[in-house]
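In what follows, a single structure is set out as structure tokens and then discussed.
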Number of protein chains: 2
Amino acid sequence: MDSATPASPVRKRGRPTEAGRVERRGQILDAALPVFLEYGFGKATVDRIAAAARVTKRTIYTYFGDKDGVFTEMQRRLAANVSGEPLRTETLESLAARIVYGLHSAQMIGLHRLVIAESLRFPELARRLHDNGDMRHIARLADHIRAEHGQAAAAHAEQLYALLLGEDYRRRLLGLLEPVTAAEAAVHARSALAVIQLTTASPLSGAASAAGAPST
Amino acid sequence: MDSATPASPVRKRGRPTEAGRVERRGQILDAALPVFLEYGFGKATVDRIAAAARVTKRTIYTYFGDKDGVFTEMQRRLAANVSGEPLRTETLESLAARIVYGLHSAQMIGLHRLVIAESLRFPELARRLHDNGDMRHIARLADHIRAEHGQAAAAHAEQLYALLLGEDYRRRLLGLLEPVTAAEAAVHARSALAVIQLTTASPLSGAASAAGAPST
DNA sequence: GTAGAATGAAACTAATTCGTATCATTAAAA
DNA sequence: TTTTAATGATACGAATTAGTTTCATTCTAC
């Protein structure tokens with residue numbers, strides 16, 4: 001989180017070009033992310049963010065107004081990246097493995113930890129993370145389940161998602177587990193699909209809608 | 001979180017009895033919990049805790065040394081309460097419903113949110129929460145599954161636990177969902193048991209160990 | 001009874017940190 | 001060329017807050 005900025009050795013002073021302004025803005029947000037992830041919102045000082053971005057505090061306040069502004073803008077930028085474009089040729093199994101791998105990554109865990117911690121102070125931030133991240137994942141899982149196992153089975157997409165996260169996801173949030181490799185993620189995904197009877201080998205029959213459907 | 005302390009109208013000053021000291025200690029920790037839950041560790045000031053406990057800052061520092069001391073002692077006290085004694089006459093279904101209801105409660109969600117937020121600063125606090133809370137739940141689920149569905153099915157206790165928490169648990173952490181009622185928890189639990197084929201109606205056959213077992 | 005421990009009340013210290021201001025400097029704009 | 005916006009560097013103000021100290025007080029311990 002420190003050696004990732006070998007960019008400009010010495011920064012020029014005067015008025016920057018318009019392109020320079022755009023670049024600097026992104027530079028600040030990119031630098032703010034790891035700082036927030038490491039320290040959390042409260043302990044992440046503006047001075048530290050400024051140092052990481054190789055920019056003075058003054059510039060940060062010019063661009064974002066205050067610390068909250070940096071935080072929300074950073075999250076807004078992340079939300080745009082989270083929604084990766086769907087790969088056309090993808091099976092349910094490979095999609096599940098990708099989700100597991102991505103959600104257990106250090107960056108995602110850090111972001112989730114941060115958003116959970118500040119969910120009371122920044123409720124719409126939590127809303128964005130859930131809508132743009134989780135709900136899209138669930139919808140995409142539902143699409144694949146529907147294609148491979150029929151309409152009835154698609155109702156279990158959310159439960160499948162919960163299984164893909166699993167207790168390991170919570171262990172990651174609690175700092176009790178290291179990030180998983182892609183291979184481990186694939187194994188985990190297969191195990192989840194198997195227990196919910198969504199492997200391609202044994203598709204779900206018609207007796208899917210068991211107990212009361214989740215009301216939420 | 002404020003009208004819950006109509007205790008002593010006016011506190012005496014002088015030296016307290018030994019019993020009084022024990023009581024005051026608990027009083028401080030009890031008052032600290034809701035303050036930490038509401039504000040988080042960073043924004044929970046010692047002054048606020050002192051006010052909530054009807055005690056002066058001075059007393060808090062005498063008892064706990066510093067703010068971290070209050071925090072860790074509070075969590076240590078909670079850990080003792082989390083492990084509720086097992087009810088002898090309980091089915092897997094009722095146990096599952098109890099777990100769902102308890103983990104979605106406002107107090108538990110607040111505690112988890114807090115521990116997740118501070119897991120980097122207080123790693124052993126996260127460890128305690130996981131060992132004394134989650135792992136005991138999983139073990140108890142495994143016991144019931146073993147009794148009702150055989151040894152092979154018990155391997156899925158952790159996956160069942162993940163389903164019992166579900167996406168709703170994460171929505172609770174993110175502040176996007178209100179606590180569930182006991183009835184809703186029961187429905188949720190039945191749905192989880194059904195999807196994992198652990199309802200008493202249709203017990204799991206021998207074809208349980210599907211893909212690679214979780215490696216964690 | 002007396003000494004001293006523990007507390008309330010409240011002021012105080014020291015450190016942190018958000019946000020602003022000053023001054024020099026560079027380059028875009030006019 | 002002149003003007004001006006934006007920046008670096010740095011100092012500063014104001015607010016918050018962890019932790020300490022002082023003084024009076026009241027009760028336990030002996």
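So you know, we letter chains A, B, ... as the sequences are listed, proteins then strands, and number each from 1.
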Worksheet item: Rounded to whole angstroms, how far apart are OH on B:Tyr39 and C1' on D:dT17?
Response: 15 Å

Fill in: Cation-pi check, A:Arg24 onto A:Tyr63 ring (under 6.0 Å, within 45° of axis)
no

Worksheet entry | Protein-nucleotide distance (A:Ile60, atom CD1; D:dA6, atom P), rounded to Å | 17 Å

Worksheet item: Looking only at atom types and distance, does a side-chain atom of B:Ser119 sit under 3.5 Å from a main-chain N or O of B:Ile116, one as donor and one as acceptor?
Response: yes

Practice prompt. Would you list the pairs meeting ring-ring contact (aromatic ring centres under 6.0 Å, His included) in which at least one residue belongs to residues 97-120 of chain A, sequence neighbours left out?
Written response: A:His112-A:Tyr169

Discussion item. If you compare every side-chain N and O of A:Tyr63 against the phosphate oxygens of D:dA6 (OP1, OP2), does one of them come in below 4.0 Å?
Written reply: no

Worksheet item: Below 4.0 angstrom, N of the basic side chain to O of the carboxylate: do A:Glu158 and B:Arg171 qualify?
Response: yes

Practice prompt. Rounded off to whole Å, could you give me the CZ-to-C1' distance for the B:Arg21 and D:dC27 pair?
Written response: 13 Å

Check the interface with nucleotides 19-23 of chain C: list each N/O to N/O pair with the protein under 3.5 Å, or write none.
from	atom 1	to	atom 2	distance (Å)
C:dG19	OP2	A:Tyr61	OH	3.3
C:dG19	OP2	A:Lys67	N	3.2
C:dG19	N7	A:Lys57	NZ	3.0
C:dG19	O6	A:Lys57	NZ	2.6
C:dT22	O4	A:Arg58	NH1	2.5

Worksheet item: Would you say a side-chain N or O of A:Arg48 is under 4.0 Å from OP1 or OP2 of C:dT17?
Response: no

Worksheet entry | Distance test, side-chain N/O of A:Thr59 to OP1/OP2 of D:dG8, below 4.0 Å | yes

Discussion item. I need the CZ-C1' distance between A:Arg24 and C:dA28, as an integer number of Å.
Written reply: 13 Å

Worksheet entry | Atom-to-atom span, CZ of A:Arg25 to P of D:dA6 - whole angstrom | 14 Å

Practice prompt. Could you tell me the separation between the CD1 atom of B:Ile49 and the C1' atom of D:dG19, rounded to a whole number of Å?
Written response: 13 Å

Worksheet item: Which part of the nucleic acid does A:Phe64 contact within heavy-atom distance under 4.0 Å: base, sugar-phosphate only, or nothing?
Response: nothing

Fill in: Set of residues satisfying side chain to side chain contact (heavy atoms under 4.5 Å, CB included) with respect to A:Ala50, sequence neighbours excluded
A:Ile60

Fill in: Centroid separation B:Phe71 to B:Phe64 less than 6.0 Å
no

